Each structure stands twice: as C-alpha cells, then as structure tokens.
Amino acid sequence: MNILPREFYLRTDVVLIARDLLGKFLVTTFKGKLTSGLITETEAYAGVTDRASHSFGGRRTARNDIMYRTGGTAYIYLCYGVHSLFNVVTNQAGIPHAVLIRGIRPVDGIQLMMERSGTPGLPAERLDGPGRVTKALGIHYSRTGTDLTRMSSGRDRPAIWLEDRGIHIPLNDILISERIGVQYAGRDAMLPYRFRIK
DNA sequence: CGTTGGATCTTCT
DNA sequence: GAAGATCCAACGC
C-alpha cells in the first residue's frame, strides 16, 4: 500500500495538487469493509484570496477551522443539510487551501458502494457528484479532521486515506473548466480550477 | 431533454 | 432567518 505522504499535500500550489489527485485512489474502511475509487474529478479552493472558498478573507469558524490545519487532513462538511462533501486540506498549517473530490470510478467494494448509494445491481462506471461519492464510500461529516497520511497497520489504520497505485493521468486526458455551483463567487467563479478525466 | 423545486439542517448574520 | 462547494424526481415541451 502506498499512502500519499504528507509532502504531497504540503506543496504550495493547490491547483496543481487538484490536478495531481486525478488517478489517485480514495479509500475507506468502516467496520472492516474496504471501499475505494479512482478519483476522476476534483476542484481546487484557494483559501483567503478565493471568493468561492469557505476561508475567503481569512474567515475562520467552527465549521471551517479544519481548513487551517496541516495538509493531508480531511475537511468534511454538511452541504444543504443533506450531503457530506469531502475535501483534502493542502499547504502548511495556517494556510486554508483545500481540494474537493467530486467524482470517482468505483474499484474496491463496488457492491457495497452501490448498496450505500441506494442503487444496487448495475456496477457504476462513474460515480459523479461530491455528495454521491461520500455516500458510496460511507464518509460522514463527523469524520472531519481525520489525518489522511498516517501510515499504520492493523486496527490503527486510518479509516480514510488516499493512495497512489502508480496510475498517471496525462495532461491530454484532463478537462479543465470552471467550478460548479459557485456563482456567488463573482469573478472567481470563472477560475479554471475544476479537473476531470475525459 | 431542459428546468424547477423540495428535502433537510448546520452555520453564520 | 437566510443561504448553502447538492441531488433527484417531477414536470413541461
């Protein structure tokens, strides 16, 4: 197993990290059941200078406090009272950058993920939508603050982590566009911070 | 096929 | 008290 190391997240360019996360694996084990997916879609949120970010202007509240932790921490919050959205915090502590995971291709535990999604039967080739991703992987917003980099074994293994399985997505296979659902961010809504595998 | 609105609840104003 | 980094079913065309 090759868990993404702290250094991966500590880099200063959150947009580059969002791109690099394509092709990596988001893995969870809850109650001994392992589920995972290859990350197919991400969005970068560039902290205090980004109007679309929860931490724009240095805003710091009980909800987004996790964003100010060190890179490699999970920032998970409740959206519209319904969906848990999963982000990875990047950069060093005090700099509230994050990458939202918006889509995966289910790999391990496909059947369980389909059951969690409420659509058993057909194996999904793509699982798109940040709320659906967390639902399928069993990620709840109460898990916010989880350290995603701790490399340990057995029962102490973190319940959520990111893994490199040696897959590299060439730039030619990546679609870059504007972020979704951030119209309120004005000019920043048009930044090319969304990355998708074609 | 595009558009609309309800669900649901925490967070911040 | 309003709005939100969403989703899906129900509608109208």
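In what follows, every heavy atom counts, from backbone to side chain, and hydrogens, waters and symmetry copies are set aside. To find a chain, count down the sequence lines: A is the first, B the second, and so on, and within it residues start at 1. Since we're looking at a predicted model, the values are computed, not measured.
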*Given atom CD1 of I66(A) and atom P of dT11(B), what is their separation to the nearest angstrom?*
12 Å

*Base-paired stems in DNA chain B, each at least three Watson-Crick or G-U pairs under 3.5 Å*: B:1-7 with C:6-12, B:9-12 with C:1-4

*Starting at CG of L85(A) and ending at P of dC7(C), how long is that distance when rounded to a whole Å?*
7 Å

_Looking at R196(A), I want to see if its CZ is surrounded by more than 12 non-hydrogen atoms of other residues, nucleotides or ligands under 6.0 Å._
yes

_For K24(A), is there an ion pair with E163(A) - N to carboxylate O distance below 4.0 angstrom?_
no

*Hey, are K33(A) and D108(A) close enough for a salt bridge, meaning a charged N less than 4.0 Å from a carboxylate O?*
no

Identify all side-chain donor-acceptor contacts of residues 181-193 of chain A below 3.5 Å with residues at least two apart in sequence or on another chain.
residue : atom : partner : partner atom : Å
Y184(A) : OH   : A52(A)  : O            : 3.1
D188(A) : OD2  : R51(A)  : N            : 2.8

*Is the phosphate of dT6(C), meaning OP1 or OP2, less than 4.0 Å from a side-chain N or O of R102(A)?*
yes

*Between atom NE2 in H54(A) and atom P in dT10(B), what is the gap in whole Å?*
16 Å

*Donor-acceptor pair between H83(A) and Y141(A) side chains, under 3.5 angstrom*: no

*Does Y80(A) or A62(A) map to a spot on DNA chain B nearer the 5' end, using the closest nucleotide for each?*
Y80(A)

*Looking at residues 184-198 of chain A, who's got a heavy atom less than 4.0 Å off DNA chain C?*
Y184(A)

*Which nucleotide in the set dT13(B), dA5(C), dC7(C) lies at the smallest distance from any side-chain heavy atom of R59(A)?*
dT13(B)

*Could you check how far CG of D65(A) sits from P of dT11(B), rounded to whole Å?*
12 Å

*Should R11(A) and D13(A) count as an ion pair when the cut-off is N to O under 4.0 Å?*
no

*Please state how far atom CG in D128(A) lies from atom P in dT6(C), giving the value in whole angstrom units.*
13 Å

*Rounded distance (Å) that lies between atom C1' of dG4(C) and atom CD of Q183(A)*: 11 Å

*Out of dT6(C), dA5(C), dT10(B), whichever nucleotide has its closest atom nearest the side chain of V182(A)*: dA5(C)

*asked:* In whole Å, I'd like the distance from the NE2 atom of H83(A) to the C1' atom of dG4(C).
replied: 11 Å

*For the pair K135(A) (side chain) and P130(A) (backbone), establish whether a donor and an acceptor sit closer than 3.5 Å, ignoring hydrogens and angles.*
no

*Side chain R116(A), main chain A136(A), donor-acceptor under 3.5 Å*: yes

*Residue R132(A), side-chain heavy atoms: nucleotide from dA5(C), dC8(C), dT6(C) that is nearest*: dC8(C)

*To the nearest Å, give me how far apart OH (Y77(A)) and P (dT10(B)) are.*
16 Å

*When you measure from the side chain of S53(A) to the backbone N and O of Y45(A), does any donor-acceptor pair fall under 3.5 Å?*
no

*For Y45(A) and dA5(C), say yes or no: do the ring centres fall under 5.5 Å of each other while the ring planes differ by less than 30°?*
yes

